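Reading through the structure tokens given below for one structure.
Just so we're clear, the structure is a prediction, and the values are computed from it rather than from any experiment. Side chains are part of it too, since the values below use all heavy atoms of this structure and drop only hydrogens, waters and symmetry mates.
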Amino acid sequence: MAQRKPEEQSTFEQVLKLVENLAPEAQERLVEEMKLRWLRRAIDEADESLKQGTTVSLEELDAHIATVRQEVIDRQK
């Protein structure tokens, strides 16, 4: 995976600090919201694929969701 630019890394660290200051319940809500956004993105990509006449199997969709999730986890490292 590509390295983040210094300004992206700085912004990412700032966001992490803000998240750490949230109450545990708010952190949980944030995680759930991010999961919903990942799912919506995957669904939007599947919809776009259908509009273009190509289909995406459930396995491909699951793999894509897993990939995006792993990318986010890797960025946190």
Check ion pair E33-R37 (N to O, under 4.0 angstrom):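 Yes, E33 and R37 are salt-bridged.
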
Once you round to the nearest 0.5 Å, how far does [atom1] of [X] lie from [atom2] of [Y]?
X: R41; Y: H64; atom1: CZ; atom2: NE2; answer: 6.5 Å
X: I65; Y: I43; atom1: CD1; atom2: CD1; answer: 7.0 Å
X: K35; Y: E32; atom1: NZ; atom2: CD; answer: 4.5 Å
X: T11; Y: L16; atom1: OG1; atom2: CG; answer: 11.0 Å

Path from M34 to V68 over hydrophobic side-chain contacts below 4.5 Å: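 Yes; tracing contacts between hydrophobic side chains, which count when under 4.5 Å, links both residues.
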
Connected via hydrophobic side-chain network under 4.5 Å: V15 and L30: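 Hydrophobic grouping puts V15 with L30.
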
Expected output: side-chain S49 to main-chain E45 donor-acceptor under 3.5 Å: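 Such a contact is absent between S49 side chain and E45 backbone.
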
